[in-house]
Amino acid sequence: MWDSLVRATALDKSIRISAVVSTKLVDEARKRHRTFPVATAALGRVMNAALLLTWGLKDKGTITVRVFGDGPLGGIIADANALGEARGYVQNPQVDLPLNDKGKLDVGGGIGKGTLYITKDIGLKEPYTGSVSLVSGEIGEDIASYLVKSEQIPSLVSIGVLVGPDLSVQASGGIIIQVLPNTPEEILTIIEENTSKIKPISTLIKEGNGPKELIKLYLDGIDVEFLEEKPVVFRCKCNEEKVRDILISLGKDEIEDIIEKEGGSEITCHFCNEIYTFSKEELEDLLVDIEKG
Ligand SMILES: [Zn+2]
């Protein structure tokens, strides 16, 4: 099954749904950052949240989700764009914690108490950032709390990442169902009943359900109109050109200092863990470029 994001509406657009399956994408993040299970789950959930919230973004838009808690994982940042590209990192990827009292990976304990920030950049004006105190640090609940507080739209949010015994990601994905005010009560009851009957979302994904199937399960009994499906992939915006620009921006003195003290330079992209190395000769070439202006 390929990773994809599906959007749908129901009841004449008074319900809008976004569902994603991102198993390969989150496993790519795990491999790049060498995360331990609780960090894999936490980062994966935050990446899923960013992907799900890209609803309505145009070509250049980006959603950035930042979670800053006082737990051992430290900060977690992920962004996703309208093209279905996401990236992210967790400050302390090699954190190991005992399972929580439900026998699950203790994402809430790893994140701790703190704040969730969501930035919506539509590529035109100033980006908008909203924030909310973390409810549990389990991410799903926190996103739901954010949506109620900032957009006054009650939302059902379910996000899950299943990590296997070999530490790989066996299932990852999520769903957000937003219900606009004045939706008939019985519709809400149907969705609530469906949600209470079905298995956890990561189990459903592991069993092979794609985003469309997830939507059908959560909205069983309601007519759904599918709007679009697109692939999602782990992709970072960094490249050698940009890293070179960063080095150049340090200025002549700083680069001369690096050449003298370290010989060369190694720069790691936080978001994707890609390492860019610059030899002494390459740094000297940069100096020539700077002199030329
Ligand atoms: Zn990168």
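Since the structure is predicted, the reported quantities are computational estimates derived from the model, not experimental observations. Note that ligands are numbered from 1 as they come in the structure, with each ligand's atoms numbered from 1 the same way.
Residues satisfying the side chain to side chain contact (heavy atoms under 4.5 Å, CB included) criterion with Glu192, sequence neighbours excluded, are absent altogether. Contacts of Phe278 classified as side chain to side chain contact (heavy atoms under 4.5 Å, CB included), with partners at least two apart in sequence or in another chain: Glu240, Val243, Arg244, Leu247, Ser265, Tyr276, Glu282, Leu283.
Between Tyr89 and His270, the ring-plane angle classifies as parallel under the 30° and 60° cut-offs.
A cation-pi geometry, defined here as NZ or CZ lying under 6.0 Å from the six-membered ring centre and within 45° of its normal, holds between Lys212 and Phe226.
Cluster membership check: Leu214 shares its hydrophobic cluster with Ile190, using side-chain heavy-atom separations under 4.5 Å among Ile, Leu, Val, Met, Phe, Trp and Tyr.
Nearby protein atoms of type N, O or S around the Zn ion (ligand 1) amount to 4 (distance under 2.8 Å).
Sorted by first and then second residue, the side-chain hydrogen bond (donor to acceptor under 3.5 Å, both in side chains) pairs with a member in residues 103-119 read Thr119-Thr129; sequence neighbours excluded.
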